[in-house]
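For reference, positions follow the sequence shown, starting with 1. In each ligand, atom 1 is the first atom listed, and ligand 1 is the first ligand listed.
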Amino acid sequence: MPHPSSHSGHDRGPTEPASNTPADLPHLAQQAAAFLADYLTSLERRPVLPEPHPGRLLERLPSLPPEVPEADPWAAIYEDLDRLIVPGLTHWQSPRFFGYFPCNHSVPAIVAELLSAGLNVNAMLWATSPAATELEQRTLDWFAHAFGLPESFTFAATNAGGCIQGTASEATLAALCAARHRARAAARARGRTTVHLTLYTSEQAHSSVTKAAMIAGLADGPEDRTHLRLIPTDPAGAILAEALGQSVRADLAGGLVPAFATLTVGTTGTEAVDSIAACVRALDDAARAFGHERFPGWVHVDAAFTGAALVCPEFRRFFSGIERADSVCINPHKWLLTNFDCDLFWTRDRAALTGALSITPEYLRTASDAADVVNYRDWQVPLGRRFRALKLWLVLRCFGLSGLREHIRGHVACAERFESLVRADPRFEITAPRTTSLVCFRLCGEDGRSERLLSELNAERHVLLSHTRLPSGPGGTPGRYTLRCAIGATLTRQRHIDETWAHITRAADRVLRHSA
Ligand SMILES: Cc1ncc(COP(=O)(O)O)c(C=O)c1O
């Protein structure tokens with residue numbers, strides 16, 4: 001068969017590269033797909049981590065960009081990918097990747113990314129691609145149903161609905177902007193022109209909450225507590241609802257305006273779950289003591305990782321009380337077979353969100369403004385937006401909710417197995433209760449042992465785990481060092497757990513021999 005581009009050379013402009021006509025696409029996409037299929041298959045035998053050589057790629061890349069197109073670049077590009085790029089990657093899709101939280105992929109989602117790149121629409125307004133907006137609305141409603149969210153978060157409600165944000169950090173920032181908008185509007189309505197807003201989250205919340213405060217001008221840096229309160233947690237890492245209530249009371253007593261509380265369902269450190277119901281009760285009680293009907297601020301629930309598990313009814317208890325939240329976010333790109341990036345964000349108060357983020361210069365006015373359409377540019381920080389709903393649509397159609405449940409339950413079973421292996425070895429201890437698929441553990445004894453164990457494992461590069469510190473103890477004593485085994489990579493199966501445990505115990509033998 002002749003190369004497809006040979007049919008269409010006449011379509012090419014004089015300065016265009018040798019592979020930029022639609023007819024070039026099938027062959028080149030097939031080549032890329034074959035490369036990726038080989039890559040994903042190879043992950044079973046590759047080390048997870050690259051060799052640590054800072055500057056190695058920089059040394060090998062020319063310092064100036066190509067001035068003219070390469071005549072036939074593709075063979076050289078794939079050679080360079082193999083030789084220069086892939087060896088410098090951390091293989092997040094490896095079945096032995098257990099660090100941080102996972103970053104899922106699936107073949108349908110990869111194909112959806114390709115389709116989205118090819119269609120390459122900018123769905124900033126409904127009018128700039130109605131189907132992209134409406135597919136997003138419908139898939140967000142589907143996922144609300146999948147997670148058991150109340151209808152009050154969906155487009156069936158008059159002032160609610162969901163959208164895709166790039167990341168959970170962006171979702172939290174959007175929620176904070178909406179909260180600030182609503183709190184200031186309420187204060188203005190009471191005749192107050194200047195208000196001191198206060199924000200609450202736990203000491204174990206993700207750093208993106210503090211960062212959102214920094215971006216929103218409500219913290220001058222990570223340590224600034226002028227507006228932000230970090231509430232202590234129990235030893236497992238869940239916020240102390242009573243301490244949250246006390247903090248709100250103290251601020252109300254001082255004439256401040258509690259505006260935003262972020263609760264975490266699945267903390268990054270230990271996957272601890274804040275009790276939404278208990279926290280809302282504590283917030284309401286505090287507010288009632290000062291004459292409010294209930295907590296007037298915005299409650300945001302960050303369920304970036306653990307929220308994925310709610311496709312399984314047995315985990316829905318983590319959202320008990322969610323009907324009182326103003327917004328919630330969950331990342332399918334972490335654990336629901338959907339390629340990065342894709343955070344799902346729902347709010348029950350669209351008007352506050354769009355009130356905070358909407359601005360309409362003349363060049364963005366369209367005839368559809370008068371109609372009741374959703375313009376997603378008003379729900380996020382950037383104007384432009386990719387067609388990411390395609391990923392959700394293809395994932396749901398190809399796996400169904402039953403496939404997603406199987407995916408989650410398979411990894412939870414892997415985590416149960418890993419936990420039982422840890423418990424059966426008296427040299428180790430489990431350091432936090434397991435919520436779904438994150439197992440926190442360490443070598444018994446001084447912290448240095450576990451630190452050395454992690455550096456041994458990383459030096460071997462065969463498995464990747466990460467670490468954190470447990471919540472601080474009474475009187476602020478620093479929390480103990482702990483290892484984290486976060487199970488959820490798309491390709492991870494039970495055999496990888498056994499293999500990983502064998503690696504860990506061999507490395508532990510070496511560490512303990514040295515420290516004996
Ligand atoms: C609980 C929680 N929230 C937020 C984030 C930040 O996620 P993103 O990278 O989507 O901003 C993480 C990341 O692991 C997380 O665990």
Quiz item: Around E314, counting heavy atoms of other residues, nucleotides and ligands shown, do more than 12 lie under 6.0 Å from its CD?
Solution: yes
Self-check item: Side-chain donor-acceptor contact under 3.5 Å, W379 with Q165
Solution: no
Exercise. List the closest protein heavy-atom neighbour of atom 11 (O) of ligand 1: residue, atom name, distance to the nearest 0.1 Å.
Key: S169 OG, 2.5 Å
Quiz item: Looking at R480, R442, R423, which one forms a side chain to side chain donor-acceptor pair (under 3.5 Å) with E429?
Solution: R442
Exercise. Just need the protein heavy atom nearest to atom 6 (C) of ligand 1, so name the residue and atom and give the distance.
Key: H206 CE1, 3.3 Å
Quiz item: Among all protein non-hydrogen atoms, which one is nearest to atom 15 (C) of ligand 1, and what is the separation to 0.1 Å?
Solution: T268 OG1, 3.3 Å
Quiz item: Near A304, which atoms of ligand 1 are under 4.0 Å from a heavy atom of that residue?
Solution: 2 (C), 3 (N), 4 (C), 15 (C)
Self-check item: Nearest-neighbour protein heavy atom for atom 3 (N) of ligand 1, which is reported as residue plus atom name and distance
Solution: D302 OD2, 2.6 Å
Quiz item: How about Y100 and W92: are their ring centres within less than 6.0 Å of each other?
Solution: yes
Exercise. Just jot down the side-chain contact (heavy atoms from CB on, under 4.5 Å) partners of V209, sequence neighbours excluded, or say none.
Key: T172, T201, A205, T262
Practice problem: Give a yes/no verdict on whether any heavy atom in F101 is under 4.0 Å from an atom of ligand 1. | Solution: yes
Practice problem: Quick one: look up the protein heavy atom nearest atom 13 (C) of ligand 1 and list residue, atom name and how far away it is. | Solution: K334 NZ, 3.3 Å
Exercise. Show which atoms of ligand 1 fall inside a sub-4.0 Å distance from at least one heavy-atom site of G266.
Key: 1 (C)
Exercise. Decide if the gap between the ring center of F98 and the ring center of H496 is smaller than 6.0 angstrom.
Key: no
Quiz item: Does an N or O from A168, backbone or side chain, lie closer than 3.5 Å to an N or O of ligand 1?
Solution: yes
Quiz item: Of all the heavy atoms in N331, does at least one lie under 4.0 Å from an atom in ligand 1?
Solution: yes
Practice problem: Not counting sequence neighbours, which residues clear ring-ring contact (aromatic ring centres under 6.0 Å, His included) with F295? List them please. | Solution: none
